Student: 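One structure follows; several queries about it will come next.
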Amino acid sequence: MDFQNTLEFALQLDEQDSLKHFRKEFLIPQHAGKDAIYLCGNSLGLQPVSAQKYIAEQLSSWQNLAVEGWFDGDAPWLSYHKQVAALAAPIVGAKISEVSIMNSLTVNLHLLMVSFYKPTANKFKIIMEGGAFPSDQYAVESQVKFHGYVPADAVIEIFPREGEYTLCTEDILKTIEENKDELALVLFGGINYYTGQYFDIEAITKAGHAAGAYVGIDLAHAAGNVAVKLHDWDVDFACWCSYKYMNAGPGGISGIFVHEKHFNDTSLNRFTGWWGYREDKRFLMAPGFDPAVGAEGWQVSTSPILLLALYKASLDVFERAGGIDALRVKGDALTAYLEFLIKAVNDEQGEEVFKIITPETIADRGSQLSLICKRDGKAIFNYLTQNGIIGDWREPNAIRLSPVPLYNSFVDVFNAARHLSSAAGL
Ligand SMILES: *Cc1c(COP(=O)(O)O)cnc(C)c1O
């Protein structure tokens with residue numbers, strides 16, 4: 001698209017935006033009496049207006065039905081998670097039975113590694129992206145140690161080439177192939193939290209399988225952001241949090257995906273609890289674990305209904321907005337417009353003040369641009385914050401900005417770039 005660096009043009013894009021009315025369904029934080037420019041949905045998505053109502057409904061069921069709420073009412077708690085899974089599944093390209101909504105993200109990563117990290121004396125290594133989100137690094141290290149291996153031997157991290165910020169798919173595939181005799185698991189982020197690079201999950205999965213390894217994907221920054229196709233890409237397992245692009249509130253409940261081909265594989269270890277027991281017999285309280293068929297069989301504990309309600313509030317908005325494909329079209333346009341405007345700021349300044357390290361190719365990114373500030377990074381970021389532009393800062397010099405299609409506008413992006421320009425000119 002041919003973009004223009006004018007407010008009129010941004011207003012015109014907003015006018016043509018078929019998703020523009022969804023902004024009203026979110027509570028935008030206020031700054032100096034106006035809507036802040038919130039470009040931080042990669043870290044904490046905004047609150048749906050409906051969230052209070054969804055919570056109030058559950059409080060009222062608790063009040064009126066008390067323990068009967070598990071079985072009675074419009075949405076009995078016993079199966080409430082199924083409604084949420086049904087809404088989440090299409091967003092990650094899964095069958096409903098392949099999704100379960102439970103726990104929080106790092107906990108789920110551990111539970112899934114219990115099943116899918118099955119090291120043997122020869123095949124015990126894990127390949128992951130270098131600079132993965134710290135929680136994932138800690139989880140992997142502890143899993144490796146739990147099995148009696150040493151992280152320095154067992155964990156292979158892939159880093160960008162000299163002078164580059166993002167990974168070449170070619171290097172990822174080559175590393176998998178080269179380590180095939182010792183490889184047990186490939187565990188990758190769907191989108192790297194720092195650079196915003198969206199990895200080629202399908203190619204990585206294929207290479208991992210060719211190497212005789214399982215492949216798991218942490219979708220923390222991808223779920224609700226880009227249109228992943230977990231089932232079709234044959235990914236073995238995945239997990240995500242719901243509080244970033246999924247808008248389910250701080251510490252929101254997490255989702256897992258287990259490919260249906262693993263449902264009946266009794267050789268997979270699980271850490272089990274009664275909530276993963278087949279539902280029709282759960283309350284017989286019999287000894288001997290008999291798992292529910294599907295991803296639900298990985299559940300451990302009683303569903304946290306209030307957290308599920310918050311997630312459902314948000315997923316209902318996703319559904320009404322036409323799902324992830326519709327959102328991605330706008331997300332790509334917003335992100336490309338922001339990219340165009342940041343390049344214009346650099347041109348104005350006569351120097352590359354903001355180096356965009358997120359891939360330029362649209363297929364290799366979602367709604368996030370990571371900028372390396374070549375000078376005055378912290379001062380620029382503080383200026384943005386003081387002027388109501390909410391992004392996020394990563395030491396020593398990175399700013400991440402995420403225009404989210406559900407609630408950001410083209411005018412938001414335009415105004416954010418104007419402030420970047422003022423900040424760079426100070
Ligand atoms: C946000 C994020 C997490 C956070 O994990 P929690 O268990 O929800 O605290 C973990 N991994 C990745 C890749 C993330 O982006």
Side-chain angles (χ1 to χ4, degrees), residues 39-46 84 88 91-92 99-114 116-117 126-144 155 157-159 166-167 172 185-199 201 204 215-226 228 230 235 237-257 271 298-301 304 306-308 310-311 314 357-358 365-370 390-395 398 400-402 404:
L39 299 177
C40 211
N42 59 309
S43 186
L44 182 68
L46 292 182
V84 184
I91 300 180
V92 294
V99 170
S100 180
I101 308 297
M102 58 194 221
N103 308 319
S104 51
L105 173 55
T106 311
V107 172
N108 284 336
L109 190 56
H110 276 296
L111 292 174
L112 290 164
M113 286 184 74
V114 164
F116 292 100
Y117 178 49
I126 301 176
I127 285 182
M128 56 194 303
E129 89 239 45
F133 194 87
S135 200
D136 298 37
Q137 297 181 36
Y138 309 147
V140 167
E141 282 172 18
S142 65
Q143 287 279 338
V144 163
V155 182
E157 291 178 288
I158 309 178
F159 288 96
T166 52
L167 295 180
I172 301 171
L185 174 66
V186 177
L187 182 68
F188 248 72
I191 289 185
N192 179 268
Y193 80 101
Y194 184 75
T195 63
Q197 179 179 15
Y198 180 17
F199 297 112
I201 298 173
I204 291 170
V215 178
I217 307 290
D218 183 335
L219 297 174
H221 285 266
N225 179 16
V226 289
V228 292
L230 293 174
V235 171
F237 70 93
C239 46
W240 58 92
C241 56
S242 61
Y243 51 79
K244 292 173 179 166
Y245 293 93
M246 294 249 192
N247 313 318
I253 196 164
S254 165
I256 68 161
F257 164 88
F271 282 173
W298 269 261
Q299 294 181 114
V300 179
S301 286
L306 298 180
L307 295 185
L308 284 170
L310 285 172
Y311 197 12
S314 171
I357 62 168
T358 305
R365 69 186 188 196
S367 286
Q368 172 187 333
L369 292 181
S370 300
I390 321 259
D392 101 355
W393 173 253
R394 282 282 168 262
E395 292 292 347
R400 295 182 299 169
L401 300 174
S402 298
V404 171

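Please read all numbers here as calculations on a predicted model, not as lab measurements. Ligands are counted one by one from 1 in listed order, and the atoms in each one are counted from 1 as well.
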Student: Identify the closest protein heavy atom to atom 15 (O) of ligand 1: which residue and atom is it, and at what distance?
Tutor: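 Checked against all protein heavy atoms, atom 15 (O) of ligand 1 sits closest to K244 NZ, 2.5 Å.
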Student: For atom OH of Y138, decide whether the heavy atoms of other residues, nucleotides or ligands shown that lie under 6.0 angstrom number more than 12.
Tutor: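 Atom OH in Y138 is not crowded, with 12 or fewer foreign heavy atoms closer than 6.0 Å.
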Student: Please verify the inter-ring angle class for Y245 with H221; under 30° counts as parallel, over 60° as perpendicular, anything in between as tilted.
Tutor: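 Because their plane-to-plane angle is over 60°, the rings of Y245 and H221 count as perpendicular.
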Student: I need the atoms of ligand 1 closer than 4.0 Å to a non-hydrogen atom of H221, numbered in the order shown.
Tutor: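 Close to H221: 15 (O).
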Student: Which of the numbered atoms in ligand 1 are under 4.0 angstrom from any heavy atom belonging to T106?
Tutor: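 Listed by number with element, the hits are 5 (O), 6 (P), 7 (O).
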Student: Please answer whether the main-chain N or O of N103 pairs with a side-chain N or O of S254 as donor and acceptor at a distance below 3.5 Å.
Tutor: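 No, S254 side chain to N103 backbone: no donor-acceptor pair under 3.5 Å.
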Student: Can you check whether R400's main-chain N or O pairs, donor with acceptor, with Q368's side chain at less than 3.5 Å?
Tutor: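 No; judged by distance alone, with no hydrogens or angles, the pair does not exist.
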Student: As an exercise, identify every atom of ligand 1 less than 4.0 angstrom from a heavy atom of D136.
Tutor: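 By the 4.0 Å cutoff, the relevant atoms are 10 (C), 11 (N), 12 (C), 13 (C).
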Student: May I ask you to list the atoms of ligand 1 that are less than 4.0 angstrom from any heavy atom of D218?
Tutor: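 Numbered from 1, ligand 1 contributes 11 (N), 12 (C), 13 (C).
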Student: Hey, does S135 come in under 3.5 Å of ligand 1, counting only N/O atoms on both sides?
Tutor: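 No - when backbone and side-chain N and O of S135 are compared with those of ligand 1, no distance drops under 3.5 Å.
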Student: Between Y243, F133, Y138, F188, which one has a non-hydrogen atom sitting closest to atom 6 (P) of ligand 1?
Tutor: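 Shortest heavy-atom distance from atom 6 (P) of ligand 1: Y243.
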Student: Show which atoms of ligand 1 fall inside a sub-4.0 Å distance from at least one heavy-atom site of A220.
Tutor: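 In order of numbering, the contacting atoms are 2 (C), 12 (C), 13 (C), 14 (C), 15 (O).
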Student: Using only atom types and a distance under 3.5 Å, with no angle test, would you say the side chain of Q299 pairs donor to acceptor with the backbone of M102?
Tutor: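 Pair absent, no side-chain N/O of Q299 close to backbone of M102.
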Student: Sub-3.5 Å donor-acceptor pair from the side chain of Q137 to the main-chain atoms of A132, do we have one?
Tutor: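 Checking the backbone N and O of A132 against the side chain of Q137, a donor-acceptor pair under 3.5 Å is found.
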